[in-house]
Amino acid sequence: MSNENKQKYRLAPDGSLTQLFFRTVRKLRTHMQPGYSQQRLLGLLDEMGPTSQKKIQEILDIKCGSLSELCTKLLDKGYIEKSRDENDRRNAVLKITEKGREKRQEIVKQKDDRLFEVLNEEERMQLRKILEKLYENGQEDIDFLGYDEQKGGGR
């Protein structure tokens with residue numbers, strides 16, 4: 001895309017806050033380091049606690065083989081543990097380790113520093129308050145749009 005086309009695309013807002021928000025999210029995602037799926041799995045396990053591999057597969061909406069490959073990478077790094085479900089030995093349960101939790105916190109801090117470096121501390125606090133307010137008060141809109149927070153997308 002030429003600089004002229006980039007400029008037109010960037011300067012052609014439709015006035016919609018939603019459109020601006022999603023454009024910003026897409027732009028920020030380009031700064032994500034490799035291993036986004038690994039980061040996402042660590043985040044899910046950190047927030048949800050020990051979870052079956054089947055449930056993780058549903059949430060991430062990925063194939064069994066892809067999840068196995070992802071788990072192998074994280075197991076090899078010592079970021080997660082895998083065990084058998086006590087109630088059903090056929091099912092595997094994944095759990096984040098302390099090393100995995102520390103790595104996740106490190107990644108989150110790096111992302112915050114890099115993604116929001118253009119904001120001073122006061123602007124970061126304002127953004128945090130606005131996002132928290134939208135999150136807390138937006139549940140009806142999220143339900144209306146069919147957003148599945150665990151999967152990260154609509155219906």
Side-chain angles (χ1 to χ4, degrees), residues 1-2 5-6 9-10 12-14 16-118 127-128 130-155:
M1 185 182 294
S2 71
N5 287 340
K6 284 181 186 176
Y9 179 74
R10 197 175 28 179
D14 66 359
S16 163
L17 285 174
T18 303
Q19 198 60 251
L20 178 60
F21 176 77
F22 285 112
R23 277 187 184 171
T24 303
V25 168
R26 279 193 303 272
K27 185 160 186 116
L28 292 175
R29 277 196 167 181
T30 63
H31 294 287
M32 299 280 188
Q33 61 192 38
Y36 176 67
S37 294
Q38 293 177 37
Q39 295 171 33
R40 194 163 173 217
L41 178 53
L42 287 176
L44 285 172
L45 292 174
D46 195 23
E47 292 171 15
M48 296 174 64
T51 307
S52 75
Q53 198 164 333
K54 183 177 171 94
K55 179 72 173 170
I56 293 292
Q57 184 182 345
E58 290 171 7
I59 292 169
L60 294 179
D61 194 25
I62 60 175
K63 295 179 182 175
C64 183
S66 299
L67 181 58
S68 292
E69 183 179 335
L70 185 59
C71 289
T72 298
K73 291 176 183 177
L74 294 173
L75 285 163
D76 290 348
K77 293 175 184 176
Y79 294 158
I80 65 170
E81 295 174 345
K82 186 176 181 179
S83 60
R84 289 283 160 208
D85 186 335
E86 294 295 322
N87 299 323
D88 185 349
R89 303 289 299 162
R90 296 172 295 174
N91 291 329
V93 174
L94 304 175
K95 176 184 172 188
I96 192 168
T97 63
E98 190 56 38
K99 182 178 179 181
R101 190 169 282 110
E102 289 170 4
K103 183 64 174 176
R104 179 177 186 243
Q105 290 170 350
E106 176 187 322
I107 290 168
V108 168
K109 183 180 180 336
Q110 287 173 352
K111 281 184 191 177
D112 279 359
D113 290 346
R114 196 167 62 221
L115 296 175
F116 303 108
E117 67 187 356
V118 298
L127 178 60
R128 177 182 300 278
I130 290 168
L131 291 174
E132 285 173 352
K133 186 174 184 178
L134 289 171
Y135 180 81
E136 291 169 6
N137 297 311
Q139 192 59 49
E140 286 180 27
D141 290 335
I142 288 170
D143 291 342
F144 171 76
L145 294 172
Y147 183 83
D148 184 333
E149 186 173 355
Q150 293 297 333
K151 286 188 177 181
R155 294 176 205 197

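- With contacts defined as side-chain heavy-atom distances shorter than 4.5 Å, the pair Ser68/Gln53 qualifies.
- Few gaps surround CD on Glu106; more than 12 heavy atoms of other groups in view lie less than 6.0 Å from it.
- The only option from Leu41, Ile56, Ile80 that meets the side-chain contact (heavy atoms from CB on, under 4.5 Å) definition with Leu70 turns out to be Leu41.
- Glu102 contributes atom CD, which lies 5.0 Å from atom CD of Glu98 (distance to the nearest 0.5 angstrom).
- Each salt bridge (charged side-chain N to carboxylate O under 4.0 Å, His left out) pair with one or both residues in residues 71-82, not counting sequence neighbours, appears once here: Glu69-Lys73.
- For the atom pair Ser83 OG and Leu94 CG, the distance stands at 8.0 Å (nearest 0.5 Å).
- Here the shortest heavy-atom pairing between Pro50 and Val93 reads CB-CG1, 3.8 Å.
- Using a 4.5 Å cut-off on side-chain heavy atoms (C-beta onward), Leu45 and Leu74 make no contact.
- Interatomic distance, NZ of Lys54 versus CD1 of Ile59, reported as 12.5 Å (0.5 Å rounding).
- The CG atom of Leu67 sits 6.0 Å away from the CD atom of Gln57 when rounded to the nearest 0.5 Å.
- The two atoms that bring Met48 and Thr51 nearest to each other are CB-OG1, 3.6 Å, heavy atoms only.
- In this structure, the side-chain hydrogen bond (donor to acceptor under 3.5 Å, both in side chains) partners of Asp46, at least two apart in sequence or on a different chain, are Arg101, Arg104.
- The main-chain N or O of Tyr79 is found under 3.5 Å from a side-chain atom of Thr97 such that the two form a donor-acceptor pair.
- To the nearest 0.5 Å, atom OG of residue Ser37 and atom CD1 of residue Ile62 are 6.5 Å apart.
- The closest donor-acceptor contact from the side chain of Arg84 to the backbone of Arg90 lies under 3.5 Å.
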